[in-house]
Amino acid sequence: MMSAMLGAFMAVLDIQITNSSLKDIQGALSATLEEGSWISTSYLVAEIIMIPLTAWLVQLLSARRLAVWVSIGFLFSSLLCSLAWSLESMIVFRAMQGFTGGALIPLAFTLTLIKLPEHHRAKGMALFALTATFAPSIGPTLGGWLTENFGWEYIFYINVPPGLLMIAGL
């Protein structure tokens with residue numbers, strides 16, 4: 001359960017953390033303001049496509065197997081985002097990250113309902129709500145701090161330790 005919640009937290013965090021560093025990413029990739037907006041848009045569009053597909057994929061693969069696969073995909077695409085060499089590569093990698101991250105949010109909710117006994121579900125729902133509200137509130141601050149002190153690539157490197165922990169837990 002904690003691994004699934006960590007995945008949902010990371011997926012929501014990546015929306016806000018990137019937005020706070022968008023100007024630095026645009027500058028590094030020589031993108032205009034209009035072109036740079038695709039960095040965020042590609043993540044969100046891919047995420048929105050994946051969210052309704054998650055239910056079907058859970059039936060096809062099982063919740064645990066899907067969670068492991070999308071966690072690996074999310075971690076891999078995060079690393080690719082940090083290595084982006086052009087705006088086009090960043091947009092593709094962010095779309096991959098959004099697609100895999102889009103499954104992490106409903107999977108956390110689904111696993112709360114499937115795996116927890118009925119008398120613990122309220123606690124699970126509260127934990128899910130905490131991840132959904134805490135991640136966007138710390139994202140801009142964390143993203144700005146990482147970008148200012150280490151560089152924009154580190155907003156993607158930050159997914160590596162929790163991503164490995166999430167994969168091991170699942």
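Numbering of residues begins at 1 and proceeds along the displayed sequence.
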Practice task
Quick one: pull up CG in Leu33 and CD in Gln26 and give me the separation to the nearest 0.5 Å.
Solution key: 5.5 Å
Practice task
Give the intermediate values and the outcome of side-chain contact (heavy atoms from CB on, under 4.5 Å) for residues Ser30 and Leu87.
Solution key: CA-CA 8 Å; Ser30 301; Leu87 177 65; over 6 Å; no
Exercise for the section: Drop me the distance from Ser42's OG to Glu88's CD, to the nearest 0.5 angstrom. Expected result: 11.5 Å
Handout entry: Leu146 CG to Ser20 OG distance, which is reported to the nearest 0.5 Å
Key = 8.5 Å
Practice task
Give a yes or no on whether the backbone of Gly143 and the side-chain of Ser21 come within a donor-acceptor separation of less than 3.5 Å.
Solution key: yes
Practice task
Answer yes or no: is there a donor N or O on one side and an acceptor on the other, between the side chain of Glu35 and the main chain of Thr32, under 3.5 Å?
Solution key: yes
Handout entry: Distance-only polar pair, side chains of Ser40 and Asn19, donor-acceptor under 3.5 Å
Key = yes
Problem - Side chain to side chain, Glu47 and Ile105, heavy atoms closer than 4.5 Å - result: yes
Practice task
Say whether, by atom type as modelled, one donor and one acceptor occur between the side chain of Ser89 and the main chain of Ala84 under 3.5 angstrom.
Solution key: no
Completion exercise
Of all heavy-atom pairs linking Ile25 and Met90, the shortest is CG2-CE, 3.9 Å
Exercise for the section: Using the six-membered ring wherever Trp is involved, compare the ring planes of Trp152 and Phe156 and label them parallel, tilted or perpendicular (cut-offs 30° and 60°). Expected result: perpendicular
Completion exercise
Correct closest heavy-atom pair for Gly102 and Pro106 would be O-CD, 3.0 Å
Exercise for the section: Take atom CZ of Arg65 as the centre, draw a 6.0 Å sphere, and report whether it contains more than 12 heavy atoms from other residues, nucleotides or ligands. Expected result: no
Exercise for the section: Ignoring hydrogens and angles, tell me if any N or O in the side chain of Ser137 forms a donor-acceptor pair with the backbone of Phe134 under 3.5 Å. Expected result: yes
Show the atom names and distances, to 0.1 Å, of all donor-acceptor pairs under 3.5 Å that link a side chain in residues 2-17 to residues at least two apart or in another chain.
from: Asp14; atom 1: OD1; to: Asn159; atom 2: ND2; distance (Å): 3.2
from: Asp14; atom 1: OD2; to: Gln97; atom 2: NE2; distance (Å): 2.4
from: Asp14; atom 1: OD2; to: Asn159; atom 2: ND2; distance (Å): 3.0

Exercise for the section: Give the cluster check for Leu165 versus Ile72: same hydrophobic cluster or not, with ILVMFWY residues linked at side-chain heavy-atom distances below 4.5 Å. Expected result: yes
Handout entry: Closest approach of Leu111 to Ala63 (non-hydrogen atoms, all atoms of both residues)
Key = CD2-CB, 3.7 Å
Handout entry: Flag if over 12 foreign heavy atoms under 6.0 Å of OH, Tyr157
Key = yes
Handout entry: Cluster overlap Leu164 with Leu80, hydrophobic side-chain contacts below 4.5 Å
Key = no
Fill in the blank from the handout: Rounded to the nearest 0.5 Å, the CH2 atom of Trp69 sits from the CG atom of Leu170 at a distance of 13.5 Å
Exercise for the section: Answer whether the closest heavy-atom distance between the side chains of Leu79 and Phe76 falls below 4.5 Å. Expected result: no
Practice task
Answer whether the closest heavy-atom distance between the side chains of Tyr43 and Phe99 falls below 4.5 Å.
Solution key: no
Problem - Ring-ring centroid check Phe93 Trp85, cutoff 6.0 Å - result: yes
Fill in the blank from the handout: In this structure, CZ of Phe109 is separated from CD1 of Ile114 (nearest 0.5 Å) by 11.0 Å
Handout entry: Trp56 reachable from Val70 in the ILVMFWY side-chain graph, under 4.5 Å edges
Key = yes
Practice task
Give, for atom OG1 of Thr133 and atom CD1 of Ile138, the distance between the pair rounded to the nearest 0.5 Å.
Solution key: 10.5 Å
Problem - Verify same cluster id: Val92, Trp38 (apolar side-chain graph, 4.5 Å) - result: no
Problem - Same apolar cluster: Leu66 and Ile49, side chain cutoff 4.5 Å - result: yes
Exercise for the section: Please report the closest heavy-atom contact between Ser71 and Ile167, naming both atoms and the distance. Expected result: CB-CG1, 3.7 Å
Exercise for the section: Using atom types as modelled and distance alone, determine if a side-chain donor or acceptor of Arg94 lies under 3.5 Å from a backbone N or O of Ile39. Expected result: yes
Handout entry: Check: Phe74 and Leu104 side chains under 4.5 Å, non-hydrogen atoms
Key = yes
Handout entry: Under 3.5 Å: donor-acceptor pair, side chain of Thr54, backbone of Met50
Key = yes
